[in-house]
Asker: 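Below is a structure I'd like to ask you about.
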Amino acid sequence: MATGKKFMLELPLKVILTEDGTSNFISHKKKLLRIKMADNTEEHGIALNKFSPQSIQNMILVDYISKVEISMSEFVSKRQEIMDLSKLIVYSVMYKQLDREIFKTIIETDCVRKYNRTHAGHLIDEKTQISDKQLRTELSSKNAVIDQIRKTILTPIWKNVMTNKEYSPEEKNIFLLMSEKFINRLSLLNWHIFVLFYKDENFGEILSQTRKILSRYMDKSRVADYISTMVMELALNSENANITKEAQKMYPGREDLNMLVLDPDVRKKIVHELEMKKQLVFLSWKLGGGSSSIGKQGRLQITLYNKSDEFSDIKETVDAATNANTNKKSLVDFYRDLPSGEEGTDLGMYYLSYLDDACKKVNVKFDSLVNQFSASDLTVITLTFSF
């Protein structure tokens, strides 16, 4: 995954916490902020300018984060960091969803059903709750068994990858890496079940079901790159639209605006002006929700808002856009309606087509919606993925 490239990411990050996350921070006497988000809601969370990608991922994996947002006037200089953050979030949602799916599947196997019939006081089912502290203590002496189980799960998968002639050497390496990343992020509860039934005569069913699900998610992981590319494209399009509008105000009557904004010094002046006016592009990633959000756990909603301070009193949000002045359309229609020849239009359609195809191939549900508020010049683009 791309996060290894840079130990720290430098982005103006707003992190909104779940109830569990809020309780944890308060119990550790950490101060929380009331943060105003792009859709004008106020939430409890923390603000960071520099952060470890691993710490954000760990918080997502234990259900402490419900939403992440960044806002800037200029994205080009932070392109790699934003794409790394986007991939990190997509992978984290997939790690969690894989873990849930494996748990849900293995509690229905013959091993577990048989165990439950003779251990009525210690059932293993969807209501099972064992603290991580207890599980860690129990598993700390089982490292050799855990390594053996990991190897038993992965060896046939690796063999399939290495013998698949359709994969390039690079793809093979990526798949091998992803299989390890997925298996290493399984919850302690799943490892508890693996270890418990390791010597059971029907353990093979648990192994085969785990491999099937793991192989599916290795395929799904391909969409992470497409999603981060699409998100970056949308952010850059909004940034360019804002820069062009501001250039028209700052350099009235100039016919060579497109050439003018490519001049680094001019562009820097325009960006500074946008920052002064708080003309920002907001990007937010809303995670599906905790254990109570049945059916929405594997969901990720990415929203881009292009707005300025003068419209900050707008109360409409993307979910409650009932205003008659709101124009709703799909992202395809949005691109089609952009002025012909506008920079990025063809490229955006190209990326969107690739993303759509990639999602369909691996059974990831993808929808897009664009809300344009004519009264305020506000554009809200929402991409929704169900893994």
Side-chain angles (χ1 to χ4, degrees), residues 1-7 9 53-54 57-58 60-61 79-102 105-106 143-144 146-187 190-191 194 203-233 298 300 350-366 385-387:
M1 202 171 81
T3 52
K5 291 177 190 171
K6 216 172 186 185
F7 185 65
L9 293 180
Q54 193 59 56
Q57 183 161 88
N58 291 342
I60 293 173
L61 295 180
R79 182 188 181 95
Q80 192 57 55
E81 284 97 327
I82 294 164
M83 291 181 77
D84 283 353
L85 175 66
S86 190
K87 280 188 267 194
L88 171 96
I89 295 169
V90 173
Y91 285 132
S92 301
V93 171
M94 281 197 269
Y95 293 149
K96 284 191 67 59
Q97 192 60 7
L98 166 93
D99 188 67
R100 288 188 199 102
E101 209 171 311
I102 286 176
T105 302
I106 61 180
N143 286 339
I146 289 169
D147 286 343
Q148 186 57 48
I149 294 169
R150 184 187 280 112
K151 192 176 175 184
T152 310
I153 292 169
L154 290 175
T155 301
I157 289 175
W158 287 352
K159 189 179 175 185
N160 287 341
V161 169
M162 293 312 291
T163 56
N164 191 322
K165 291 175 182 171
E166 290 181 15
Y167 297 157
S168 67
E170 189 189 2
E171 283 176 316
K172 286 178 182 179
N173 285 335
I174 289 168
F175 276 132
L176 296 181
L177 183 66
M178 284 314 303
S179 65
E180 285 204 83
K181 284 184 178 291
F182 275 117
I183 207 86
N184 290 340
R185 282 164 179 80
L186 286 182
S187 63
N190 271 331
W191 282 112
F194 289 153
F203 186 62
E205 186 187 358
I206 288 179
L207 283 175
S208 65
Q209 293 291 353
T210 300
R211 283 191 202 111
K212 270 186 207 168
I213 297 167
L214 182 55
S215 296
R216 269 212 326 274
Y217 275 83
M218 284 162 62
D219 277 340
K220 284 180 195 279
S221 69
R222 296 175 185 221
V223 303
D225 279 322
Y226 292 111
I227 292 172
S228 64
T229 303
M230 187 77 241
V231 166
M232 197 65 224
E233 172 62 18
L300 174 64
Y350 179 74
Y351 288 147
L352 182 60
S353 169
Y354 264 91
L355 173 58
D356 201 39
D357 286 347
C359 287
K360 280 175 182 158
K361 277 178 190 167
V362 295
N363 200 26
V364 171
K365 195 180 173 200
F366 165 51
F385 303 89
S386 294
F387 297 100

Asker: Nearest 0.5 angstrom please: R222 CZ to C359 SG, how far?
Answerer: 12.5 Å
Asker: CD/E205 to CG/L207 distance, rounded to the nearest 0.5 angstrom?
Answerer: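 E205 CD to L207 CG: 10.5 Å, rounded to 0.5 Å.
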Asker: Tell me the closest heavy-atom pair linking S92 and L61, and the distance in Å.
Answerer: O-CD2, 3.8 Å
Asker: Evaluate the side-chain contact (heavy atoms from CB on, under 4.5 Å) criterion for residues F387 and V223: first the C-alpha distance (whole Å), next the side-chain angles of each, then the deciding distance (0.1 Å), finally the verdict.
Answerer: CA-CA 10 Å; F387 297 100; V223 303; 3.8 Å; yes
Asker: Compare every heavy atom of F7 with every heavy atom of P53, then report the nearest pair and how far apart it is.
Answerer: CD-O, 3.0 Å
Asker: Is there side-chain contact between I89 and L85, with heavy atoms separated by less than 4.5 Å?
Answerer: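 Of all side-chain heavy-atom pairs linking L85 with I89, at least one is under 4.5 Å.
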Asker: Closest heavy-atom contact between R211 and T152?
Answerer: NH2-O, 2.7 Å
Asker: K365 side chain to F385 main-chain N or O, any donor-acceptor pair under 3.5 Å?
Answerer: no
Asker: Taking it one step at a time, do M178 and Y91 satisfy side-chain contact (heavy atoms from CB on, under 4.5 Å)?
Answerer: CA-CA 10 Å; M178 284 314 303; Y91 285 132; 3.6 Å; yes
Asker: Would you say the side chain of F182 lies within less than 4.5 Å of the side chain of L154, judging by non-hydrogen atoms?
Answerer: no
Asker: Q57 versus R185: any side-chain heavy-atom pair under 4.5 Å?
Answerer: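 Heavy-atom side-chain distance check passes, below 4.5 Å.
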Asker: Is it true that the side chains of T105 and Q209 contain a donor and an acceptor less than 3.5 Å apart?
Answerer: no
Asker: Any sub-3.5 Å donor-acceptor pair from N190's side-chain atoms to D99's backbone N or O?
Answerer: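 Confirmed, N190 side chain pairs with D99 backbone.
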Asker: Under 4.0 Å between a side-chain nitrogen and a carboxylate oxygen: does that hold for K360 and D356?
Answerer: yes
Asker: Mind checking whether M94 and L300 have side chains closer than 4.5 Å, heavy atoms only?
Answerer: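 Answer no - side chains too far apart.
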Asker: Provide the closest heavy-atom pair for V161 versus K172 in the form atom of the first, atom of the second, distance.
Answerer: O-CE, 3.6 Å
Asker: Say you draw a straight line from CD1 of I213 to CE of M218; how long is it, rounded to the nearest 0.5 Å?
Answerer: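 CE of M218 is found 14.0 Å from CD1 of I213.
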Asker: Tell me if a side-chain donor or acceptor on S86 pairs with a main-chain N or O of I82 at a distance below 3.5 Å.
Answerer: no
Asker: Could you tell me the separation between the CG atom of L352 and the OH atom of Y226, rounded to the nearest 0.5 Å?
Answerer: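 The distance works out to 13.0 Å.
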Asker: Between K220 and N363, what is the shortest heavy-atom contact and its length?
Answerer: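 K220 and N363 have their closest heavy atoms at NZ-O, 3.3 Å.
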Asker: Flag the pair V90 / Y95 as yes when at least one side-chain heavy-atom distance between them is below 4.5 Å, and no otherwise.
Answerer: no
Asker: Quick check: do L176 and E180 have side-chain heavy atoms less than 4.5 Å from each other?
Answerer: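 Of all side-chain heavy-atom pairs linking E180 with L176, none is under 4.5 Å.
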Asker: Report the distance from atom CG of L186 to atom CG of L214, rounding to the nearest 0.5 Å.
Answerer: 7.5 Å
Asker: Is atom OH of Y217 surrounded by more than 12 heavy atoms (other residues, nucleotides or ligands) closer than 6.0 Å?
Answerer: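 Counting other residues, nucleotides and ligands, OH of Y217 exceeds 12 neighbours.
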Asker: Return the OH to CG distance between Y167 and N160, rounded to the nearest 0.5 Å.
Answerer: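 It comes to 8.5 Å.
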Asker: Does any part of the side chain of F194, heavy atoms only, come nearer than 4.5 Å to the side chain of R150, both counted from C-beta?
Answerer: no
